[in-house]
Trainee: 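Can you keep this structure in mind? I'll have questions shortly.
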Protein chains: 2
Amino acid sequence: MSASRGRPGASAVGAALPAEDAAPRIARDSFEPAYAQLAGILRARIVRGEFQAGDRLPTETELVATYGLSPMTVRRAIKVLLDERAVSTVPGRGTFVEAATIQAAAFDLGSFHALLADPATNIRVLETRVVSASGRPAAMLGVAPGTPVTMIRRLLLRGEEPRLYHRQWRIADPGHPDVDAELGVAGLRDLFEGRVGVGPKRGRLRLYASALRGEEARRLGSELGHPAFVLEHLFFGFDDRPLSWGLFVSRGEDLHFETTVGFAPAPGAG
Amino acid sequence: MSASRGRPGASAVGAALPAEDAAPRIARDSFEPAYAQLAGILRARIVRGEFQAGDRLPTETELVATYGLSPMTVRRAIKVLLDERAVSTVPGRGTFVEAATIQAAAFDLGSFHALLADPATNIRVLETRVVSASGRPAAMLGVAPGTPVTMIRRLLLRGEEPRLYHRQWRIADPGHPDVDAELGVAGLRDLFEGRVGVGPKRGRLRLYASALRGEEARRLGSELGHPAFVLEHLFFGFDDRPLSWGLFVSRGEDLHFETTVGFAPAPGAG
DNA sequence: AAGTGGTCTAGACCACTAT
DNA sequence: TAGTGGTCTAGACCACTTT
């Protein structure tokens with residue numbers, strides 16, 4: 001694709017050190033590993049438009065020669081860009097620049113976690129009791145209706161502002177010594193941050209938009225039917241059977257998820 | 001479950017094929033690369049509970065000896081688990097099993113993309129015209145109010161069912177030859193899938209819960225104030241200035257995002 | 001001092017793609 | 001046949017942590 005996109009002397013002239021936009025060399029005495037430097041250099045060349053979506057990057061052999069690195073180190077730099085979805089490789093053909101697409105984007109739960117990590121956040125346990133499982137909780141936990149399960153209702157407040165309403169059902173396990181710890185702040189934080197030696201092995205999360213129902217609206221100080229975010233979580237124990245199910249509910253305006261596609265404005269080495 | 005941590009004869013006996021829970025060897029003639037096999041073996045040992053959250057994995061030196069691989073190959077296997085957030089490494093101390101936490105989860109736009117990729121999905125362009133920028137679009141695009149911009153309104157239907165309402169504003173570029181292509185299906189798909197040689201370099205996405213407004217409710221066949229998902233997208237051109245801004249709106253019940261934390265039920269080699 | 005992960009080399013062979 | 005990425009080896013040196 002397109003002929004003279006390659007900058008003059010980019011690969012032919014090696015010793016000459018052209019003007020301000022010269023291809024940087026690898027600084028062997030830098031704190032930054034060589035593979036990271038090369039990844040940064042290639043990233044910068046893509047951001048500058050020197051390589052555009054669909055263009056082929058220099059081959060690994062060329063990069064080895066150009067930057068004076070071993071093949072493994074060059075491959076590692078390319079792996080970095082591969083992980084960033086900035087390029088893709090085709091065996092036998094080459095390495096190609098990817099276009100920035102929405103599809104590649106992913107939202108993490110940073111805003112959820114920021115709320116929990118905030119020292120101004122208080123967790124108030126509204127209720128803890130053993131109930132007979134029924135309806136949705138029974139179905140999600142895979143137990144027969146009537147089975148005793150532990151139900152916990154919590155409210156997360158930022159200062160005095162209610163932000164998250166949380167309802168959780170858990171298989172009642174008389175032999176489990178950690179149930180008490182799970183009722184308070186620690187138990188909730190563990191859901192996010194994990195705790196060594198205990199806690200679920202795997203889980204499924206589901207995020208959707210809904211409307212505030214009765215108690216949710218009341219607890220969150222909003223009106224019925226107000227837009228809401230719901231995050232459902234289902235965790236499994238070591239026997240691969242459901243251990244706990246629950247949901248976080250927030251007002252729609254209290255929470256949002258952000259992410260980027262493609263490169264950040266000024267990404268590293270350049 | 002955690003009885004025989006160091007398995008007898010793990011490296012000494014090579015030909016003998018012990019019972020069902022024997023540590024598998026690396027099959028050198030397999031289509032599966034050695035590093036992937038080792039990652040699968042370690043993953044299976046974690047899933048079995050042989051290593052639990054916080055436990056230290058065998059050192060790289062031990063893994064080299066046990067499985068007969070070179071250090072680089074062992075490191076590569078660990079890098080796989082590192083990328084999965086299944087383990088973390090601490091220089092000078094070792095490699096440790098991570099707990100499955102909500103924090104590590106990320107939602108991708110698979111459900112958005114599935115809708116677009118579905119052959120039953122139709123895209124109907126409701127309107128295309130040049131308007132004077134004002135309010136939110138002008139602010140997001142960083143242009144003075146009154147600047148001419150191209151506005152596009154689309155409706156995505158699954159069969160005859162309206163599913164997504166899309167509004168987009170774009171810097172009007174008379175010299176841009178691809179504007180026409182962007183108006184229809186292709187332009188929208190490009191937002192997700194990218195197209196070689198054109199398209200934005202980077203963008204920002206924002207996902208939030210809201211309520212359907214006037215035309216959104218009408219077009220989606222729902223009532224005002226109905227729970228809604230909104231995905232805002234802002235794309236930048238090569239000059240790092242905003243190029244297009246817009247939002248997808250769906251009814252809350254039409255869209256949801258799912259993900260998992262920790263390992264899948266039966267993850268690979270075991 | 002011993003052990004750990006982190007980086008890097010300078011080759012090798014392979015499967016696949018293009019010409 | 002030549003070139004590409006994919007895998008792998010058998011070492012090396014480093015910074016860091018633990019004993």
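Just so we're on the same page: letters track the sequence lines, and every chain starts at 1.
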Trainee: When you measure from the side chain of A:T121 to the backbone N and O of A:L115, does any donor-acceptor pair fall under 3.5 Å?
Mentor: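 Yes, because the side chain of A:T121 sits within donor-acceptor range (under 3.5 Å) of the backbone of A:L115.
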Trainee: Look only at the side chain of B:Q37 and the backbone of B:E32, and say whether a donor-acceptor pair between them is shorter than 3.5 Å.
Mentor: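 Yes, because the side chain of B:Q37 sits within donor-acceptor range (under 3.5 Å) of the backbone of B:E32.
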Trainee: So, A:F229 versus A:H256, ring centres under 6.0 angstrom or not?
Mentor: no
Trainee: Would you call the rings of A:F112 and A:F248 parallel, tilted or perpendicular if under 30° counts as parallel and over 60° as perpendicular?
Mentor: perpendicular
Trainee: Looking at residues at least two apart in the chain, or sitting in another chain, which of them share a side chain to side chain donor-acceptor pair (under 3.5 Å) with B:T61?
Mentor: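 By the side chain to side chain donor-acceptor pair (under 3.5 Å) rule, B:T61 matches no residue at all.
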Trainee: If you find the nucleotide of DNA chain C closest to A:S70 and the one closest to B:E60, which residue's nucleotide is nearer the 5' end?
Mentor: B:E60
Trainee: If you take any heavy atom closer than 4.0 Å to DNA chain C, which residues from residues 74-94 of chain A end up in contact?
Mentor: A:R76, A:P91, A:G92, A:R93
Trainee: Taking side chain to side chain donor-acceptor pair (under 3.5 Å) as the test, write out the residues that go with B:S111, two or more places apart.
Mentor: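 By the side chain to side chain donor-acceptor pair (under 3.5 Å) rule, B:S111 matches no residue at all.
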Trainee: On DNA chain C, reading 5' to 3', which nucleotide is the first and which the last to sit with an atom under 4.0 Å from a heavy atom of chain A, could you check?
Mentor: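 Here the contact window of chain A covers C:dT7 to C:dA18.
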Trainee: Taking only residues two or more places apart in sequence, or in another chain, which ones meet A:E232 in a side chain to side chain donor-acceptor pair (under 3.5 Å)?
Mentor: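 Listed in chain order: A:R136, A:Y208, A:W245.
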Trainee: Who passes ring-ring contact (aromatic ring centres under 6.0 Å, His included) against A:Y35, sequence neighbours left out?
Mentor: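 A:Y35 satisfies ring-ring contact (aromatic ring centres under 6.0 Å, His included) with no other residue.
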